[in-house]
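First the proteins, then the strands, lettered A, B, ... as listed; each starts at 1. Both backbone and side-chain heavy atoms feed into the values below; hydrogens, waters and symmetry mates do not.
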2 protein chains.
Amino acid sequence: MELWFSECHAPDVKHSLRVNRHLYSGKSEYQQIDIFDTPEFGRVLALDGNVMLTERDEFIYDEMITHIPMSVHKNVKDILVIGAGDGGVVKELTRYDTVERIDLVEMDGQVIEACRTYLPENACKLDDSRVHIYFDNALRFIRRCTDEYDLIIVDSNDPFGPSEGYFTREFYGICYNALHEDGIMVNQQGSPFYKHDAEAMQRSHKRIVNTFPISRVYQAHIPTYAAGYWLFGFASKKYHPIEDFDEEHWKSLHLSTKYYTTKLHIGSFYLPAYLEKMLEEVEA
Amino acid sequence: MELWFSECHAPDVKHSLRVNRHLYSGKSEYQQIDIFDTPEFGRVLALDGNVMLTERDEFIYDEMITHIPMSVHKNVKDILVIGAGDGGVVKELTRYDTVERIDLVEMDGQVIEACRTYLPENACKLDDSRVHIYFDNALRFIRRCTDEYDLIIVDSNDPFGPSEGYFTREFYGICYNALHEDGIMVNQQGSPFYKHDAEAMQRSHKRIVNTFPISRVYQAHIPTYAAGYWLFGFASKKYHPIEDFDEEHWKSLHLSTKYYTTKLHIGSFYLPAYLEKMLEEVEA
């Protein structure tokens, strides 16, 4: 028997992974949750049929969304993580000794439960004493917060469906208010290659630019995401992602990584000409 | 009717493009040649079932394999291009006024003919008066050359099948001999993500390191190639790809590009930690 999981990265482009076994399938109040075991990518979490993470390439996403802001702001104590129920982002964050509190707001408790059971390597740090999990709507949760966090990581789904509210002007405004005066917000910013994704990325970048004084986009190669090419937004009240980056300080922490390096940190902000043009179009 | 073209990027990973029309199919002495029209990627050239280029993303490959060496060596007059029968690399090279001669060695004349007919935008500069096309085996061709070129671009297929000979120690040695004392060789170096590709990349990098005093690897995001993540090798007798790179000089040429920028030039050499480790393993 041949079992394949296929995802349309664009209406006319399909990415398929051979499947050993369909380990979990559940329908929560918010979405369809599936976990597969695959020969090439290990275990794969899909929400509503879209790959969220695989054991084989999650390190790229998780390292890039955490170490970039954590190496720019040297004294991050209080963090808010939105989405990220799989625990991969939390796992990276708990490696820093400065961190005192990680509030994780995930609306779908069923995702966390499935990941605890089937992706224990990702979820292993959800029980760290600094981690507080809130099953809540992130907009409602953050609206109550003012001047409370050093870092907010928006590790949401794509801006279609249940996570749409995390890409609005209002949402970025309440994130801004919830941050300290030197706070940073990082979000997954989609892919610029296929038209539908590119338009969503431009919309969301425009809203962030209008909210934060510093707003830059950086990139990573993530094989299982659309076009293998993924972006993150770095939005900040004070720190510039390159000018305020202290390479030596981060190296002194001796954190071993599989993707992130201090050089790649800088290179990840050097974008292709076509993408620079797209960003400039909405920055004007 | 639904018509899809599928390519296995790894034994358990498939990348598929919806096809409007199969425009050309021919079997040459060397390989199976197909050209499709697709809604997302425009026309697609496949050799032996592997995507070589698409109209939509060829600019990434062609710009990165040409502008990186052309911006480091400021006075390139004589160039040898191996493979590249589609003409995309030649098209970028003819934009430089310093260039006096481009020798294109392609063993398969049928590829050139098919591209002239079905990919005229790529092939349009094959008739430039500076371009000389040789239908020959590249090893035999270069063996006759000593101290003749400023730049050699090895735009070959993958190191399996008909192009295998372009990834050997002997081949890099005759390229070295064919270059002037400040010459540069750039080659497509595959992808480091899937095991089979990664091993081939390491083998070939080791051989280049043993042949040239300067040898560095750089990267680009190419959606239709394996894992969307592609590498190039920069091998050189004298010039370092970053230390000898004169950003202002290249900008003064006013060449417009869709992918390459002088900043991205630098960033493309800042590699992920896992890839640096793979390269160091064979550099020792």
Side-chain angles (χ1 to χ4, degrees), chain A residues 2 4-6 8-20 38-41 56-57 59-60 63-64 67 191-195 218-231 242 256-277, chain B residues 2 4-6 8-20 38-41 56-57 59-60 63-64 67 191-195 218-231 242 256-277:
Chain A
E2 295 230 352
W4 290 80
F5 164 82
S6 292
C8 276
H9 281 174
D12 303 309
V13 183
K14 213 158 45 182
H15 194 255
S16 310
L17 306 178
R18 191 192 298 274
V19 171
N20 295 328
T38 70
E40 182 62 50
F41 283 92
R56 168 101 156 80
D57 70 353
F59 69 99
I60 305 175
E63 288 186 12
M64 289 301 278
H67 298 308
S191 172
F193 194 77
Y194 298 119
K195 192 164 179 279
Y218 64 99
Q219 66 196 346
H221 303 94
I222 305 182
T224 49
Y225 287 176
Y229 185 33
W230 214 249
L231 303 180
I242 295 177
S256 78
T257 47
K258 287 197 288 174
Y259 195 82
Y260 178 84
T261 75
T262 52
K263 279 202 159 175
L264 181 130
H265 177 122
I266 295 165
S268 71
F269 287 90
Y270 295 165
L271 308 173
Y274 77 89
L275 174 54
E276 279 191 348
K277 203 175 149 202
Chain B
E2 295 230 353
W4 289 81
F5 164 83
S6 291
C8 276
H9 281 174
D12 303 310
V13 183
K14 213 156 47 183
H15 195 255
S16 309
L17 305 178
R18 192 192 297 275
V19 171
N20 294 328
T38 71
E40 182 63 50
F41 284 92
R56 169 101 156 80
D57 71 353
F59 69 100
I60 305 175
E63 288 187 11
M64 289 301 279
H67 298 307
S191 172
F193 195 77
Y194 298 119
K195 191 163 179 279
Y218 64 99
Q219 67 196 347
H221 303 94
I222 304 181
T224 49
Y225 287 176
Y229 185 33
W230 214 249
L231 303 179
I242 295 178
S256 78
T257 47
K258 287 198 288 174
Y259 194 83
Y260 178 84
T261 76
T262 52
K263 279 202 159 176
L264 183 129
H265 176 124
I266 295 166
S268 71
F269 287 91
Y270 295 164
L271 308 174
Y274 78 89
L275 174 54
E276 280 192 349
K277 202 174 148 204

Legend entry - Which atoms of B:Ala220 approach chain A - backbone, side chain, both or neither, heavy atom under 4.5 Å: backbone

Legend entry - Residue part contacting chain A, namely of B:Phe193, when any heavy atom lies under 4.5 Å: both

Inset, instruction - Could you tell me which portion of A:Leu264 (side chain, backbone, both or neither) has an atom closer than 4.5 angstrom to a non-hydrogen atom of chain B? - result: both

Legend entry - Top of A:Lys195, A:Gln219, A:Glu276 for chain B proximity - count of heavy-atom pairs under 4.5 angstrom: A:Gln219

Legend entry - Max heavy-atom pair count under 4.5 Å with chain B, selected residue of A:Gly267, A:Ser6, A:Ser191: A:Gly267

Legend entry - Closest non-hydrogen atom pair between B:Ala10 and A:Glu40, with its separation: CB-OE1, 3.9 Å

Inset, instruction - Would you mind checking which part of B:Phe269 comes under 4.5 Å of any heavy atom in chain A, side chain (CB onward), backbone (N, CA, C, O), both or neither? - result: neither

Legend entry - chain A contact via B:Tyr194 - which portion, at a heavy-atom distance below 4.5 Å: both

Legend entry - Approximate separation, where rounding is to 0.5 Å, of A:Lys14 NZ and B:Lys14 NZ: 8.0 Å

Legend entry - B:Lys263 and A:Leu271: CA distance, side-chain angles, deciding distance, side-chain contact (heavy atoms from CB on, under 4.5 Å) verdict: CA-CA 8 Å; B:Lys263 279 202 159 176; A:Leu271 308 173; over 6 Å; no

Inset, instruction - Drop me the distance from B:His221's NE2 to A:Ile222's CD1, to the nearest 0.5 angstrom. - result: 9.0 Å

Inset, instruction - Could you have a look at A:Tyr274, A:Trp4, A:Phe41 and say which one has the most heavy-atom pairs with chain B under 4.5 angstrom? - result: A:Trp4

Inset, instruction - Under 4.5 Å heavy-atom distance to chain A, tell me which part of B:Glu63 shows up: side chain, backbone, both or neither. - result: neither

Inset, instruction - Measure A:Phe59 against the heavy atoms of chain B and call it side chain, backbone, both or neither at under 4.5 Å. - result: side chain

Inset, instruction - Under 4.5 Å heavy-atom distance to chain B, tell me which part of A:Tyr260 shows up: side chain, backbone, both or neither. - result: backbone

Legend entry - Greatest number of heavy atom pairs closer than 4.5 Å to chain A - which of B:Cys8, B:Gly228, B:Pro39: B:Pro39

Legend entry - Atom pair CD/CG of A:Glu2 and B:Asp12 - distance to nearest 0.5 Å: 9.0 Å

